[in-house]
Novice: 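Shown below is the structure under consideration.
Everything numeric here is computed off the predicted structure, so don't read it as measured data. Basis for what follows: all heavy atoms, side chains included, without hydrogens, waters or symmetry-related copies.
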Amino acid sequence: EGIKSMLIVGLIIQGKPIGALSVYTDRHYIFSKEQIQIFKGIANEAASVIEKAMLYEERIERQRIEQELAAAAKIQENLMPRTVPNLAGFQISARNIPSQLVGGDFYDFIPFGQSHLGMVIADVSGKGIPGAILMASARASLRAYLEDPHTVKDVITKLNRVLCRDTQASQFVTLFYGMLDAQELTFTYTNAGHNPPILFRDKKQITLSEGGLVLGVLPNTNYEEKTIKLIKGDLLVLYTDGVTEASKDDNYYGTERLINIVQKYTYMDADEIMKKIINDVFEYNNSSQNDDTTVIVVKYVG
């Protein structure tokens with residue numbers, strides 16, 4: 001190409017090469033030390049300009065992602081119940097605190113007339129946008145099948161088949177679904193691999209674990225249900241692993257601590273108990289939240 005001599009200087013940003021700046025001559029030429037120094041200065045200036053341009057592009061891209069996450073967070077917030085339902089004889093309180101702008105936990109209340117109330121709490125695999133999309137899909141599918149308050153296990157069996165069809169092999173959902181009957185004073189539930197809710201009755205605790213595997217893994221899984229007769233003073237606590245797996249110095253908050261804090265305040269109303277749980281969890285891990293945290297408290301006051 002007619003090149004006889006050339007001078008090449010590397011473009012370096014924070015110790016990493018990003019390219020080179022070159023000059024060529026069509027005749028034999030020996031570059032002087034002064035020319036080399038001047039060319040190095042030009043290369044340094046060019047590298048600085050390129051770095052600023054790259055940082056600007058990164059900032060613009062980060063802002064775009066943050067805007068999308070904020071929009072997704074708003075959509076997800078709208079999917080959560082705006083208020084807790086009123087059911088005669090019961091106090092109900094719930095709260096969801098995502099660890100990121102969008103989360104994988106969700107809860108929902110589904111009223112059937114004046115006397116039946118369905119409630120669900122779930123945790124999907126993954127965080128961020130993928131977890132949020134799976135959460136929205138699971139919630140929408142569940143809502144689509146909720147037609148009869150007396151088909152608890154059947155609803156979850158259908159939901160599992162849908163999630164097995166629509167999710168990837170690495171995705172799954174842990175979910176607890178229960179139906180509260182205010183007339184018969186019963187609670188019928190099925191647990192799909194979720195952290196077992198705890199029923200506090202006097203000084204005893206009953207874990208609600210009847211059900212089956214997590215959702216989205218095996219399409220032919222059969223789910224069992226169980227019905228509990230409620231008595232005045234019963235206190236039901238539903239939660240996700242953001243509670244029990246909150247950590248401090250590699251030690252988990254754990255179920256035992258959860259039981260102790262609830263047992264200490266069973267005389268309070270449902271909303272106060274829920275706040276005591278949340279506050280104790282965040283005090284334990286110094287407000288360093290690594291996972292989404294969701295709590296539902298239901299108290300039968302008669």
Side-chain angles (χ1 to χ4, degrees), residues 80-81 83-97 105 107-109 111 115-123 174-191 194-211 225-248 251-285 287 289 291-302:
M80 299 289 181
T83 59
V84 295
N86 291 319
L87 193 64
F90 291 88
Q91 296 175 353
I92 302 174
S93 182
R95 189 176 179 188
N96 165 257
I97 307 173
D105 281 10
Y107 73 94
D108 204 358
F109 297 110
S115 61
H116 288 78
L117 178 67
M119 61 182 68
V120 58
I121 187 170
D123 186 3
T174 72
L175 182 144
F176 179 92
Y177 174 59
M179 180 60 63
L180 193 59
D181 186 334
Q183 285 186 337
E184 299 295 329
L185 296 179
T186 60
F187 185 70
T188 303
Y189 74 89
T190 187
N191 188 335
H194 193 74
N195 300 79
I198 305 170
L199 177 65
F200 292 81
R201 177 173 290 173
D202 295 328
K203 299 294 183 180
K204 299 178 181 179
Q205 298 87 43
I206 303 170
T207 55
L208 310 188
S209 55
E210 192 77 19
E225 65 181 43
K226 186 173 183 178
T227 299
I228 298 174
K229 187 68 176 179
L230 299 174
I231 62 175
K232 188 175 181 179
D234 277 355
L235 178 67
L236 180 61
V237 177
L238 297 80
Y239 59 96
T240 58
D241 58 10
V243 173
T244 52
E245 293 183 9
S247 62
K248 179 176 68 175
N251 294 313
Y252 286 141
Y253 182 88
T255 306
E256 184 177 350
R257 185 178 176 111
L258 173 61
I259 291 173
N260 289 339
I261 195 70
V262 175
Q263 196 70 60
K264 185 177 179 181
Y265 298 108
T266 52
Y267 65 90
M268 292 183 171
D269 63 33
D271 192 58
E272 290 174 323
I273 294 171
M274 183 273 293
K275 291 176 181 177
K276 289 291 185 183
I277 295 171
I278 296 293
N279 290 341
D280 195 57
V281 169
F282 278 76
E283 182 180 331
Y284 180 82
N285 66 3
S287 298
Q289 188 182 4
D291 200 0
D292 307 322
T293 302
T294 305
V295 177
I296 300 175
V297 176
V298 180
K299 188 173 187 179
Y300 175 44
V301 294

Novice: Decide whether T240 and D123 meet the rule of one side-chain donor and one side-chain acceptor closer than 3.5 Å.
Specialist: no
Novice: Which class fits the ring pair Y189 and F187: parallel under 30°, tilted 30 to 60°, perpendicular over 60°?
Specialist: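 Aromatic pair Y189/F187 classed parallel.
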Novice: Indicate whether the side chain of D280 and that of Y253 have a donor and an acceptor atom separated by less than 3.5 Å.
Specialist: yes
Novice: If you look at every heavy atom in S115 and Q183, which pair is closest and at what distance?
Specialist: CB-CG, 3.5 Å
Novice: Excluding sequence neighbours, so at least two apart, what forms side chain to side chain donor-acceptor pair (under 3.5 Å) with Q205?
Specialist: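 In terms of side chain to side chain donor-acceptor pair (under 3.5 Å), with neighbours along the sequence ignored, Q205 is linked to Q263.
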Novice: Side-chain contact test, heavy atoms from C-beta onward, threshold under 4.5 Å: evaluate it for D105 versus I97 and give yes or no.
Specialist: no
Novice: Starting at CG of L258, measure out to CD of E256 and round the result to the nearest 0.5 Å.
Specialist: 11.0 Å
Novice: Does a side chain donor of either N96 or T294 reach within less than 3.5 Å of an acceptor in the other side chain?
Specialist: yes
Novice: Do the side chain of Y107 and the main chain of Y239 share a donor and acceptor less than 3.5 angstrom apart?
Specialist: no
Novice: Is a donor on one side and an acceptor on the other found under 3.5 Å between the side chain of D181 and the backbone of E184?
Specialist: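 Yes, D181 side chain to E184 backbone: donor-acceptor pair under 3.5 Å.
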Novice: Is a side-chain N or O of N279 found less than 3.5 angstrom from the main chain of K276, in a donor-acceptor match?
Specialist: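 Looks like no, no N/O pair under 3.5 Å.
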Novice: Return the minimal non-hydrogen interatomic distance between V262 and I277, and the atom names on each side.
Specialist: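 Looking at all heavy atoms of both residues, the shortest contact is CG2-CD1, 3.7 Å.
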Novice: How about CG on N86, more than 12 heavy atoms from neighbouring residues, nucleotides or ligands closer than 6.0 Å, or not?
Specialist: no
Novice: Taking all non-hydrogen atoms of both residues into account, name the closest pair between A246 and V281 and its distance.
Specialist: CB-CG1, 3.8 Å
Novice: Are V295 and L238 close enough that some pair of their side-chain heavy atoms sits under 4.5 Å apart?
Specialist: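 V295 does not reach L238 side chain to side chain.
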Novice: Which heavy atom in T190 sits nearest to a heavy atom in G211, and how many Å separate them?
Specialist: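 Looking at all heavy atoms of both residues, the closest pair is OG1-CA, 3.5 Å.
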Novice: Donor-acceptor pair, D202 side chain versus K204 backbone, under 3.5 Å?
Specialist: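 No; judged by distance alone, with no hydrogens or angles, the pair does not exist.
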Novice: Go through the steps to decide whether N195 and T244 satisfy the test side chain to side chain contact (heavy atoms under 4.5 Å, CB included), and finish with yes or no.
Specialist: CA-CA 9 Å; N195 300 79; T244 52; 3.7 Å; yes
Novice: Is it the case that the side chain of K299 and the backbone of T266 share a donor-acceptor pair, with hydrogens and angles ignored and the cut-off at 3.5 Å?
Specialist: yes
Novice: Starting at CG of L208, measure out to CG of L236 and round the result to the nearest 0.5 Å.
Specialist: 6.0 Å
Novice: Should we say atom NZ of K232 is surrounded by more than 12 heavy atoms from elsewhere, each under 6.0 Å from it?
Specialist: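 No, not enclosed.
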Novice: What do you reckon, is CZ of R95 surrounded by more than 12 foreign heavy atoms closer than 6.0 Å?
Specialist: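 No, the 6.0 Å shell around CZ holds no more than 12 heavy atoms from other groups.
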Novice: Between the side chain of D234 and the main-chain N/O of L230, is any donor-acceptor distance below 3.5 Å?
Specialist: no
Novice: Grab the two heavy atoms, one from F109 and one from P111, that are nearest each other, plus how far apart they are.
Specialist: O-CD, 3.7 Å
Novice: Which pair of non-hydrogen atoms, one from N191 and one from P196, has the smallest distance, and what is that distance?
Specialist: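 Shortest heavy-atom contact: ND2-CA, 3.6 Å.
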Novice: Check for a donor-acceptor pair, side chain of Q91 on one end and backbone N or O of A270 on the other, with a separation under 3.5 Å.
Specialist: yes
Novice: How long is the gap from CG on L87 to OH on Y300, to the nearest 0.5 Å?
Specialist: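 Atom-to-atom, L87:CG and Y300:OH are 10.5 Å apart.
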Novice: Out of I92, V237, L199, which one pairs with V298 under the side-chain contact (heavy atoms from CB on, under 4.5 Å) rule?
Specialist: I92
